[in-house]
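Order of the sequence lines fixes the chain letters, A, B, ..., with proteins taken first and strands second; residue numbering starts at 1 for each chain. All heavy atoms count here, side chains included; hydrogens, waters and symmetry mates do not.
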There are 2 protein chains.
Amino acid sequence: MRLTTKGRYAVTAMLDLALHAGKGPISLADISERQGISLSYLEQLFAKLRRNELVRSVRGPGGGYQLSRDQVHINVAEVIDAVNESVDATGCHGSGDCQSGQTCLTHHLWCDLSEQIHAFLSSITLLDLVQRKDVQQVAKRQDRRYVDQLIMSTGEKTPADRKAAV
Amino acid sequence: MRLTTKGRYAVTAMLDLALHAGKGPISLADISERQGISLSYLEQLFAKLRRNELVRSVRGPGGGYQLSRDQVHINVAEVIDAVNESVDATGCHGSGDCQSGQTCLTHHLWCDLSEQIHAFLSSITLLDLVQRKDVQQVAKRQDRRYVDQLIMSTGEKTPADRKAAV
DNA sequence: TATTTAACCTACTAAAACAGTCGGCTAATA
DNA sequence: TATTAGCCGACTGTTTTAGTAGGTTAAATA
């Protein structure tokens, strides 16, 4: 079992999509900018998310990604699963042939743990996350920063420009 | 976060000690035999377990390892911790500086998950495991096998020899 | 129609961790 | 004195992580 940046990035990116849903497709460049994740790495992760039908893509200018289902129907466990980070804690993938064909001494313990983690993560949907106070605060901060960056790069200065940029 | 054979081996070996407690020190060779774990690898793990004062060692012939505390006062979480397999699921070790000094979008989610896992694993003591039916069954099988191996290697054949071997 | 955008795809890589192995040393016992 | 079994450090093949690099393709826009 492992939970590294791969799974964390995937969930973070999916949550970014959820937070900016209804504004048309979101480009990976935007997510990369907001979440501080390498663009090429995001591409690899989204290839897997797409294959697992968690996101839909739109190509060409103005294109990007959208959630393929309602936020309430996507949970954290399946996102982590999609990028090949198993939540399974057993060494035998649950089959029970851990010690030369038979179950090892601690097999059931790891089964219980896996179940526990899976139950917890699959009970949390993207909608749950979007509605959390702490998530909304971080999202607000990131969006402000994102707009500021945009203005810096375009060199526009008036409040009207700022509005236009958003 | 990761949970691989390292942590699983550590818990399994500690449980083996717990199951054979009261029979004097248990050698790593015995644990290696019963649990199918490489002896040299066990040595490395027990060095860490010893440094974390989870086991006591006795050197010389007839030596081995014993639990340093009562089975009810050793839980699974601290065993895994001792071999450097953190149960922490955050990328920032809980500090909250995941995204260039500030918290990332999913920081609190991983905190919650870590807490969840830690609560689960630290609630399970070695005594709990020893008392489980499934553990007792596997232990019984392993002990039978262990004795059979012993007889095979010594070439003794009568029931009396078998009793003597145990 | 040419250009730009942004998805899509393959291959490569440095660094780390995993799961060991090997060889030798030291303390205690028989 | 020989044996047992813990102790210790160094080394190794393999896998995974967390990227990078360099290209191709589809769609929109100028």
Thinking salt bridges, do A/Asp30 and A/Lys23 make one under a 4.0 Å N-O criterion? no

Got a sec? Which of residues 1-17 of chain B come in under 4.0 Å of DNA chain C, heavy atoms? B/Arg2, B/Thr4, B/Thr5, B/Lys6, B/Tyr9

Looking at residues at least two apart in the chain, or sitting in another chain, which of them share a side-chain hydrogen bond (donor to acceptor under 3.5 Å, both in side chains) with B/Gln142? A/Gln99, B/Gln35

Within this structure, what is the CG-CD distance for the pair A/Leu19 and A/Gln136, rounded to the nearest 0.5 Å? 8.0 Å

Close residues, residues 87-106 of chain B, relative to DNA chain C [heavy-atom separation under 4.0 Å]: none

If you look at every heavy atom in A/Thr125 and A/Val72, which pair is closest and at what distance? CG2-O, 3.3 Å

Can you sort out the partners of A/Ser123 under side chain to side chain contact (heavy atoms under 4.5 Å, CB included), two or more places apart, ordered by chain and number? none

Interatomic distance, SG@A/Cys98 vs CZ@B/Arg8, rounded to 0.5 Å, equals 8.5 Å

Please give, in whole Å, the distance from D/dC7 C1' to B/Tyr65 OH? 7 Å

Ring geometry between A/Tyr9 and A/Tyr41 (parallel below 30°, tilted from 30 to 60°, perpendicular above 60°): perpendicular

Answer yes or no: does a side-chain N or O of A/Arg50 lie under 4.0 Å from OP1 or OP2 of C/dC8? yes

Tabulate protein N/O versus nucleotide N/O from nucleotides 26-30 of chain D, keeping only pairs under 3.5 Å, one per line.
unit_1, atom_1, unit_2, atom_2, d
D/dA26, O4', A/Arg59, NE, 3.4

CG of A/Leu39 to CD of A/Glu43: how many Å apart, nearest 0.5 Å? 5.0 Å

List in numerical order all residues of residues 37-49 of chain B for which some heavy atom is under 4.0 Å away from an atom belonging to DNA chain C. B/Ser38, B/Ser40, B/Tyr41, B/Gln44

Nearest-angstrom distance from the residue atom CD of A/Glu85 to C1' of D/dT15: 14 Å

Go through the steps to decide whether B/Asp88 and B/Ser114 satisfy the test side-chain hydrogen bond (donor to acceptor under 3.5 Å, both in side chains), and finish with yes or no. CA-CA 5 Å; B/Asp88 181 30; B/Ser114 304; 3.3 Å; yes

How close do B/Pro25 and B/Gly63 get, counting heavy atoms only, and between which atoms? CB-C, 3.6 Å

Flag side-chain contact, heavy atom, 4.5 Å: B/Phe120 against A/Ile117: no

Within this structure, what is the CE-CD1 distance for the pair B/Met14 and B/Ile31, rounded to the nearest 0.5 Å? 9.5 Å

Any side-chain donor near an acceptor of the partner, A/Asp134 and B/His107, under 3.5 Å: no

